[in-house]
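Everything below concerns the one structure shown next.
Reminder, nothing fancy here: chain letters follow the sequence lines and each chain counts from 1.
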There are 2 protein chains.
Amino acid sequence: MPAPGVERCTVNEEIRVLMATDSSARNAKRVTITDVARHAGVSTAAVSKVMRNAYGVSPAMQERVRTAMAELGYRPHAAARGMRGRTYTVGVLLDNVRNPFFADILDGIRDQLEDSEYTVLIGAAGFGAEDQARTVRALVDRQMDGLILIAPGTPRPEVLATAAVTPTVVIGHHDASDVHDSVVDADDVGAGLVVDHLVALGHRDIALVSAAGNKAGRWQRTPEIALADGYLRAMDRHGLSGRARVRHAAYSDDGGHTAGLALLSGDDRPTAILTGADVAALGIYRAAADLGLSIPGDVSLVGYNNTAIASLAPVQLTSVDQAGHTMGATAARMLIERVERRRDRAMQTTMTPRLVVRRSTAAPGVR
Amino acid sequence: MPAPGVERCTVNEEIRVLMATDSSARNAKRVTITDVARHAGVSTAAVSKVMRNAYGVSPAMQERVRTAMAELGYRPHAAARGMRGRTYTVGVLLDNVRNPFFADILDGIRDQLEDSEYTVLIGAAGFGAEDQARTVRALVDRQMDGLILIAPGTPRPEVLATAAVTPTVVIGHHDASDVHDSVVDADDVGAGLVVDHLVALGHRDIALVSAAGNKAGRWQRTPEIALADGYLRAMDRHGLSGRARVRHAAYSDDGGHTAGLALLSGDDRPTAILTGADVAALGIYRAAADLGLSIPGDVSLVGYNNTAIASLAPVQLTSVDQAGHTMGATAARMLIERVERRRDRAMQTTMTPRLVVRRSTAAPGVR
DNA sequence: AGACTGATGGAGAACGTTCTACACCCTCCG
DNA sequence: CGGAGGGTGTAGAACGTTCTCCATCAGTCT
């Protein structure tokens, strides 16, 4: 096995060049609603009405104001709007910019809102609960019209408090609530699909690697917990309860690598491993390579989320598709319904997952 | 070669469950500065001063106001602040959520701003120039204190106009300006490093795959252009001008795949390929696999950015490290200097890249 | 003709901050 | 003892919107 070699450089040289010209001329007054009103010869109230296409505006007025806006290149000042009405902005909480599954969700949200007047702004928090809570607060303080929280690590009570003030959709956690909407994937079903597939191939020693459910947040059914549940039930269904084992790992390459080494270097190594995220599966892939084990020859490996990396040439990872794009789009649609008060009951949407078989799974013991 | 198989499922079933309870109670008044002032028995002006730790506040006043804020759990309303002063928010324009290099930059920005009072909000645009321009406008309208634009596709004139109004740092483009700051990587040097490395291994037919420079935006030196420049100069230096060839491709798995097929299926296929992004390199990897070529046996392959995927087990891609984290941190630092008016001259920071050799490059003709 | 409608436009008060003046008090100096 | 001057606090006008009334006006109905 070749040595891994130097992988990351740390310090780079900086060359700073000071430019010549002074540019403190930050003047350039904005065009305001008052300017538009004056230019069109009407009141600001009228302009406001036209913008929000409110009731009580004649076509002639419409026309006049719209051309005035166009002529002056007017753009409403979102912060000012936020003081009274809407800001036409939707905030998304994202804990992990690196998980490509979240990129799928994001694309779904974006596509859904593309042609609306709403803008999406992303608050990228770290993994820490406090970090995330701070980001959520930041979004609320910036007067977002609605919030989409992707598998928040923020304690549930705080999310409920936020949701009481701002329309909120939670993606991932299975805990239903009458105060926020939810979009979830039936992770338990997904785990079942995988176990069924592996058992059909002849596997019996199937291990699960998933993130540790954060009980701290008081969420009863995080995606991880649902996944583990489904896994255990499926194993039981096949009479394999005794052989079930769950190992916790962070959903990152490193996390998977560590878990993989632990699982695969023992005497009774499993013949198949199911993971809660594709990235973690890749870490296990690396661990297997380190130990001289081949995939799927020695071990079958299954990811989750069916992200783009799963289908990459050298990888070809069997995975569970969650249709992140659809989840994102659905969440956005539900959120806007709430923001515009077209619905006042909380709602939950569940997506059914689907197994995508590639080359990382095979019958056990076949070299 | 096994068939690629079904890779992506499209439609998922939706199960919608309407919840029982009505939750239209979106009341819950915010705590405002007035509340704090009343509770502390002082004027709102005093509270405002304390918050901004402005001049002319006695320690006693400090104390009183701070406890009042704490007792009421006061959080300033960012939208309202935006009307007069700052919003304490930095906006980041990101065209491609999927490129992990940008995640590195983002982390750098976040870490730099972690302990400050500033919050980072990300505007995720698509690749289209109009799409991006719209996102930038959205950020400006939301009264961001400063903007970080990561390799914007927005036309240069528009960026300059924006920068005249809001402090701006451009990452990537080499075009200097006296109105915005810049953080760039010496991409030409990076390309040179790669060519030197490959030539030292014995390669002579070295091709470059990079994104098409978008002349439309009126940027003279995009990263791609600088890269191609460095490549051509290095080839020339080694007397290989005649053998140089550049092929354009989108920086995505698919883009790389297409370019790879085109380059590698011809008669005079290169013995080494240099790409402008790791993702594209992976696409070429896939193309090589499709054609039954091995890497680095038949073709050496080099990526760019040294993202996490480059070091993944099955990949082990030689790449050029750009220290995205440092770039992000530097950009954030420079931006805040500008926002707080501690500097009024435009500035450019250049980072020097570094080659990270892994297993995807070897001497040519060695199987 | 007078009263009642419905449709349309405008006045002006919010909204929660910041920030410029200015008022007040104390101390110090002539 | 009067005034200058520095240090602290406050009043109140912005900031750019939204939105609730209210006024106006042209029809329509008795």
Side-chain angles (χ1 to χ4, degrees), chain A residues 27-66 68-69 72-89 117 140-143 145 165 339-341, chain B residues 27-66 68-69 72-89 117 140-143 145 165 339-341:
Chain A
N27 35 16
K29 274 272 164 237
R30 271 188 87 97
V31 177
T32 74
I33 197 175
T34 319
D35 300 327
V36 176
R38 188 167 31 232
H39 190 252
V42 299
S43 72
T44 59
V47 178
S48 176
K49 277 189 185 175
V50 171
M51 276 196 294
R52 297 171 290 126
N53 32 47
Y55 173 82
V57 182
S58 66
M61 174 66 90
Q62 277 273 351
E63 177 61 16
R64 242 166 82 186
V65 171
R66 291 221 180 279
M69 293 203 294
L72 298 180
Y74 169 73
R75 274 156 39 197
H77 190 294
R81 300 185 100 169
M83 298 233 42
R84 300 235 73 207
R86 310 244 193 85
T87 70
Y88 297 94
T89 313
E117 53 218 326
V140 173
D141 293 346
R142 270 147 198 86
Q143 199 70 2
D145 291 342
V165 180
V339 168
E340 299 183 343
R341 296 174 169 282
Chain B
N27 36 16
K29 274 272 163 235
R30 270 188 87 97
V31 177
T32 74
I33 198 175
T34 318
D35 300 327
V36 176
R38 188 167 30 233
H39 190 252
V42 298
S43 72
T44 60
V47 178
S48 175
K49 274 189 182 175
V50 170
M51 276 196 295
R52 296 171 289 127
N53 33 46
Y55 173 83
V57 183
S58 66
M61 173 68 89
Q62 276 273 352
E63 177 61 16
R64 239 164 85 185
V65 171
R66 292 223 178 279
M69 293 202 293
L72 298 179
Y74 169 72
R75 274 155 39 196
H77 190 294
R81 301 184 99 170
M83 298 234 42
R84 300 236 71 207
R86 310 242 196 88
T87 63
Y88 297 94
T89 312
E117 52 217 328
V140 172
D141 293 346
R142 270 147 198 88
Q143 200 67 7
D145 291 340
V165 180
V339 168
E340 299 183 343
R341 296 177 169 280

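For B/Arg66, there are no salt bridge (charged side-chain N to carboxylate O under 4.0 Å, His left out) partners, not counting sequence neighbours. Under the salt bridge (charged side-chain N to carboxylate O under 4.0 Å, His left out) criterion, B/Glu340 pairs with B/Arg342, sequence neighbours left out. Scored by the salt bridge (charged side-chain N to carboxylate O under 4.0 Å, His left out) test, A/Asp35 finds A/Arg38 as partners (sequence neighbours excluded).
Between B/Arg75 and A/Pro59, the one whose closest nucleotide on DNA chain C sits nearer the 5' end is A/Pro59. Between B/Ala60 and B/Ala80, the residue anchored nearer the 5' end of DNA chain D, judged by the nucleotide with its closest heavy atom, is B/Ala60.
A pairwise comparison of heavy atoms in B/Val36 and B/Val47 identifies CG1-CG1, 3.9 Å as the closest pair. Scanning all heavy atoms of the two residues, the minimum distance from A/Arg81 to A/Pro76 falls at NH1-CG, 3.6 Å. Residues B/Leu72 and B/Val31 approach most closely at O-CG2, 3.6 Å, considering heavy atoms.
When heavy atoms are screened at a 4.0 angstrom cut-off, A/Arg52 is found touching base atoms of the nucleic acid.
A donor-acceptor pair under 3.5 Å is absent between the side-chain atoms of B/Asp145 and the main chain of B/Arg86, judged by distance alone. No donor-acceptor distance shorter than 3.5 angstrom exists from the side chain of A/Gln143 to the backbone of B/Ala79, with no hydrogens or angles considered.
Heavy-atom distances under 4.0 Å link DNA chain C to B/Ala45, B/Ser48, B/Met51 of residues 35-51 of chain B, given in residue order.
If one axis is set at each end of the helix from C/dA1-D/dT30 to C/dG30-D/dC1 from five pairs, those axes are 60° apart, to 10°.
There is no side-chain donor-acceptor pair under 3.5 Å between B/Arg142 and A/Thr87.
In 5' to 3' order, the nucleotides of DNA chain C bounding all contacts with chain A (an atom under 4.0 Å from a heavy atom) are C/dA7 to C/dG16.
Rounded to whole Å, atom P of D/dA11 lies 13 Å from atom CD1 of B/Ile33.
Taking a cutoff of 4.0 Å between a charged side-chain nitrogen and a carboxylate oxygen, A/Arg30 and B/Asp141 qualify as a salt bridge.
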